[in-house]
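Just so we're clear, the structure is a prediction, and the values are computed from it rather than from any experiment.
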2 protein chains.
Amino acid sequence: MRTVDPAKHAAKRRAIVDAAAGCFAEKGFERTTTADICRAAGISSGSLFHYFPSKRAVFTAIFTDDAVETAERLEAAAKAADPWAALLDVVAELAGQLAHPAVVRLVLEAAAQAARDDEFAELIHRNDSALRDGLAVLVERAEDAGLIDPGIAPRAAAGWVAGLLDAMISRASLDPGLDLAAEQAILRTILIRFLRPVSPPAGG
Amino acid sequence: MRTVDPAKHAAKRRAIVDAAAGCFAEKGFERTTTADICRAAGISSGSLFHYFPSKRAVFTAIFTDDAVETAERLEAAAKAADPWAALLDVVAELAGQLAHPAVVRLVLEAAAQAARDDEFAELIHRNDSALRDGLAVLVERAEDAGLIDPGIAPRAAAGWVAGLLDAMISRASLDPGLDLAAEQAILRTILIRFLRPVSPPAGG
DNA sequence: GTCTATATAGCGATAGAC
DNA sequence: GTCTATCGCTATATAGAC
């Protein structure tokens, strides 16, 4: 038995991060005050800085935590029997997260912050790179199975798949009344036409 | 002869906006101080607030000015003989602007600001809507000429063309060493495969 | 129209009791 | 570990001379 309970500490840390994520999504990093975070989390300033050394550390924690979840998703997809179906599934799942406006806003905020903070940019680039790597594995496996146009480089293709997800983020933020399901269908069409062989070897 | 020279006033205003755009691109809106803008423009605080009522007004001026230029581009494209070629040209021209890192950063900053400032969001949405309208006109004209898959709605297609440009912005910001020319070629491929008839009526 | 000087307010982070 | 109280600093915008 130890003086501190690591599980309790982690749970509280997580609660603070979740509360802060809502604030950052709503007002952005700079306009969110540490007082806002404290109010949202129901704690005092002293407590906040007991768990995190700075406001920025709270912000970055959101994205280190998220990276773990995405990595698990990609790992599971890599084991799937049908790599092409797994690719479409992963894309649909990631696109589905955009139904939450807070997620859209957080991604936009992260992109803006990464453009001017080198350390944070490294984190975001690592996350993006991990996503592209995971997607590239699926593209390669699908290509080996003859399900993808051989003229397309897996790595470049993976970059554009990630880019298409970013396109959806920008559409979702620019058009609040966007029909996400309809756009996901179009996204699927674009992926099929972009990646599949010009004369498919089989139906699908 | 008047007491104030409108041309001179406009020129100075423009000089301030240009200097400020550099600051905003580098540090973002909130972390750019009015003192930064004054230093970059070579003026004093008193002068800055003689030309603009607030820091935010300087920021928005960047995007109202840009809207005019884009509108002119689209107007010219609408008059072109070959609407399909004009569409590809406009996309290439807009994508080409991303060679300037400052442009990429400004767009990201604008997206983040629009997510939390309703008045600024209206401006950005108007600009985006004007872009989509201009692209939709080209898609429609190309469709009338049998150059585009009839199963694709022009308005939705235009949204995704704009989205693909946003995808390129995100790629450019996430990957500093990105080969822009190579990516533009892929973008072109995606557009052709996405929009053109499945069995083209002619070469091209 | 341009400047210098400054009012006013709010922020991130710390100190130290309990 | 959590709290209250507050320090030290920086920022936007204004006032008013020239």
Side-chain angles (χ1 to χ4, degrees), chain A residues 1-62 109-110 112-113 116-120, chain B residues 1-62 109 112-113 116-117 119-120:
Chain A
M1 198 165 168
R2 300 171 50 186
T3 341
V4 296
D5 182 342
K8 221 162 198 172
H9 188 275
K12 183 126 203 180
R13 202 192 103 107
R14 183 56 166 280
I16 295 174
V17 170
D18 287 347
C23 298
F24 289 135
E26 189 187 351
K27 303 174 69 173
F29 177 75
E30 282 92 354
R31 292 161 72 112
T32 293
T33 68
T34 52
D36 289 333
I37 299 172
C38 292
R39 206 174 309 122
I43 56 170
S44 69
S45 169
S47 264
L48 176 64
F49 286 96
H50 173 71
Y51 285 91
F52 295 93
S54 66
K55 185 173 85 162
R56 183 151 287 271
V58 184
F59 186 68
T60 58
I62 297 169
E109 185 64 21
Q113 293 295 329
R116 67 182 88 113
D117 178 326
D118 288 343
E119 200 174 321
F120 182 68
Chain B
M1 199 166 167
R2 301 171 49 186
T3 341
V4 297
D5 183 342
K8 219 161 198 173
H9 188 274
K12 184 125 202 180
R13 202 193 104 108
R14 183 56 165 281
I16 296 173
V17 170
D18 286 347
C23 298
F24 288 135
E26 190 188 350
K27 304 174 68 173
F29 176 75
E30 282 92 354
R31 291 162 70 114
T32 294
T33 68
T34 54
D36 289 334
I37 298 171
C38 292
R39 206 175 309 119
I43 57 171
S44 69
S45 168
S47 264
L48 176 64
F49 285 96
H50 172 73
Y51 285 91
F52 296 92
S54 67
K55 187 174 83 161
R56 185 152 284 272
V58 183
F59 187 67
T60 57
I62 297 169
E109 184 64 21
Q113 293 295 330
R116 68 183 89 113
D117 177 327
E119 200 175 321
F120 182 68

Picking from D/dT2, C/dG1, C/dC3, which would you name as closest to the side chain of B/H50? C/dG1

Can you see which heavy atom on B/A20 is nearest to which on B/I37, and at what distance? CB-CG2, 3.9 Å

So which heavy atom on A/C23 is nearest to which on A/A40, and how close? SG-CB, 3.7 Å

Short side-chain to backbone donor-acceptor contact, B/T60 and B/A57, under 3.5 Å: yes

Looking at B/T32, is its backbone amide N or carbonyl O close enough to the side chain of B/K55 to form a donor-acceptor pair, meaning the two atoms are under 3.5 Å apart? yes

Residue pairs passing the salt bridge (Lys or Arg N to Asp or Glu O under 4.0 Å) test with at least one member in residues 15-24 of chain B, sequence neighbours excluded, are B/R14-B/D18

Just N and O in the side chain of A/S47: are any of them under 4.0 Å from OP1 or OP2 of D/dG1? no

Please state whether the phosphate of C/dT2, meaning OP1 or OP2, lies under 4.0 angstrom from any side-chain nitrogen or oxygen of B/K12. yes

Reckon A/L48 touches a base, only the sugar-phosphate, or nothing at all at heavy-atom distances under 4.0 Å? nothing

Please state how far atom [atom1] in [X] lies from atom [atom2] in [N], giving the value in whole angstrom units.
X: B/R39; N: C/dT4; atom1: CZ; atom2: P; result: 13 Å
X: A/K27; N: C/dC11; atom1: NZ; atom2: P; result: 8 Å
X: A/Y51; N: C/dT14; atom1: OH; atom2: P; result: 17 Å

Please tell me if the side chains of A/T34 and A/F49 come closer than 4.5 Å, counting only heavy atoms from C-beta onward. yes

B/S/- contact track for nucleotides 11-18 of chain D, protein heavy atom under 4.0 Å: SSBB----

